[in-house]
*Asks:* 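Please see the structure below; I have some questions.
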Amino acid sequence: MSDQILMPEGALQGVTLVGEGLNDNTSWNVVGHTYTPKVLTENVFIWHATIPDGTFVPPHIHPTQDEWITVLTGALEVEFGEACHKAGPGDTIRMPRGIAHGIFNRSGDEATCVFGVAPSRKLYDLFEALDGVTDPEELVRISALHEVDFLPPPAE
């Protein structure tokens with residue numbers, strides 16, 4: 001995690017403006033989504049996401065982090081194994097550490113939301129490394145180095 005962007009404890013005052021990210025307006029293209037970091041400490045990482053219709057994050061596990069999403073616009077589906085949960089504006093999706101989950105936009109419209117993980121661990125660095133990566137095998141390899149484990153695709 002870069003010291004340049006890590007805020008010391010108690011230094012959360014201030015505003016990250018809409019449309020702006022940390023560290024000179026950083027944003028990343030990760031699996032077709034636009035992620036814009038908003039808050040980063042050792043304890044929490046929060047980012048804004050724009051998720052186009054028809055895109056998804058395949059099922060994966062965060063073994064060291066709890067994750068959540070608050071939907072702002074549009075709708076998302078989150079799959080926990082066979083169970084599929086739908087969330088719309090104002091809803092919060094909870095994804096505890098160690099539980100496999102996949103995130104899908106099958107709504108027909110773009111979705112925007114705010115994601116968070118606690119503790120932040122290596123996720124900021126993962127997004128830096130994944131920016132623009134399109135090869136699925138490389139995405140899985142890089143993610144495993146940053147404490148995110150993708151599940152193998154289902155048998156056909």
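All residue numbers in this chain count up from 1 along the given sequence.
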*Asks:* Quick one: does I51's side chain get under 4.5 Å of T112's, heavy atoms only?
*Replies:* no
*Asks:* Treating Ile, Leu, Val, Met, Phe, Trp and Tyr as nodes and any side-chain heavy-atom pair under 4.5 angstrom as an edge, say whether V148 and F56 lie in one connected cluster.
*Replies:* no
*Asks:* After noting the C-alpha distance and the side-chain angles of L123 and E147, does the key distance pass the side chain to side chain contact (heavy atoms under 4.5 Å, CB included) rule?
*Replies:* CA-CA 8 Å; L123 206 61; E147 303 176 326; over 6 Å; no
*Asks:* Quick one: do F45 and L40 satisfy side chain to side chain contact (heavy atoms under 4.5 Å, CB included)? Show the steps, please.
*Replies:* CA-CA 5 Å; F45 173 35; L40 179 64; 3.9 Å; yes
*Asks:* With a 4.5 Å cut-off on side-chain heavy atoms, are V44 and P119 touching?
*Replies:* no
*Asks:* Quick one: which residue pairs count as a side-chain hydrogen bond (donor to acceptor under 3.5 Å, both in side chains) with a foot in residues 95-108, not counting sequence neighbours?
*Replies:* H60-H101, D66-R97, E67-H101, E77-R106, E79-R106, N105-S107
*Asks:* Please check this pair: side chain of T16 against backbone of G21, looking for a donor-acceptor N/O pair closer than 3.5 Å.
*Replies:* no
*Asks:* Kindly list each side-chain donor-acceptor pair under 3.5 angstrom involving residues 139-146, sequence neighbours excluded, with atom names and distances?
*Replies:*
| from | atom 1 | to | atom 2 | distance (Å) |
| --- | --- | --- | --- | --- |
| R141 | NE | E138 | OE1 | 3.0 |
| R141 | NH2 | E138 | OE2 | 2.8 |
| S143 | OG | L139 | O | 2.7 |
| H146 | ND1 | I142 | O | 2.8 |

*Asks:* If Ile, Leu, Val, Met, Phe, Trp and Tyr residues are connected whenever their side-chain heavy atoms lie under 4.5 Å apart, and connections chain through other members, are L76 and F80 in the same group?
*Replies:* yes
*Asks:* If you round to the nearest 0.5 Å, how far is CD of Q65 from NZ of K122?
*Replies:* 10.5 Å
*Asks:* Scan for side-chain hydrogen bond (donor to acceptor under 3.5 Å, both in side chains) pairs involving residues 127-137, sequence neighbours excluded, and state none if there are none.
*Replies:* W28-E128
*Asks:* Any heavy-atom pair between the side chains of N29 and T34 that's under 4.5 Å?
*Replies:* no
*Asks:* Could you name each residue pair satisfying side-chain hydrogen bond (donor to acceptor under 3.5 Å, both in side chains) that touches residues 49-59, not counting sequence neighbours?
*Replies:* H33-T55
*Asks:* Can you list the steps and then say if V114 with L72 is a side chain to side chain contact (heavy atoms under 4.5 Å, CB included)?
*Replies:* CA-CA 7 Å; V114 174; L72 302 174; 3.8 Å; yes
*Asks:* Do F104 and V31 sit in the same hydrophobic cluster, where Ile, Leu, Val, Met, Phe, Trp and Tyr count as joined when their side-chain heavy atoms come under 4.5 Å apart?
*Replies:* no
*Asks:* To the nearest 0.5 angstrom, please state how far the CZ atom of R121 sits from the OG1 atom of T64.
*Replies:* 4.5 Å
*Asks:* Side chains of F115 and I46: does their closest heavy-atom pair fall under 4.5 Å?
*Replies:* no
*Asks:* Taking side-chain contact (heavy atoms from CB on, under 4.5 Å) as the definition, give me every residue that meets it alongside I61, ordered by chain and number, with sequence neighbours left out.
*Replies:* P63, A100, L151
*Asks:* Is the centre of the W47 ring less than 6.0 Å from the centre of the Y124 ring?
*Replies:* no
*Asks:* Which side-chain N or O atoms in residues 81-94 pair as donor and acceptor under 3.5 Å with protein atoms at least two apart or in another chain?
*Replies:*
| from | atom 1 | to | atom 2 | distance (Å) |
| --- | --- | --- | --- | --- |
| D91 | OD2 | G88 | N | 2.8 |
| T92 | OG1 | T70 | OG1 | 3.0 |

*Asks:* Could you check if a side-chain atom of P37 sits within less than 4.5 angstrom of a side-chain atom of L22, using non-hydrogen atoms only?
*Replies:* yes
*Asks:* So if I apply the side chain to side chain contact (heavy atoms under 4.5 Å, CB included) rule between V30 and each of L126, L130, V133, V57, which one comes out positive?
*Replies:* L130
*Asks:* Look only at the side chain of K38 and the backbone of E20, and say whether a donor-acceptor pair between them is shorter than 3.5 Å.
*Replies:* yes
*Asks:* Give a yes or no answer on whether the side chain of E110 reaches the backbone of P52 with a donor-acceptor pair at less than 3.5 Å.
*Replies:* no
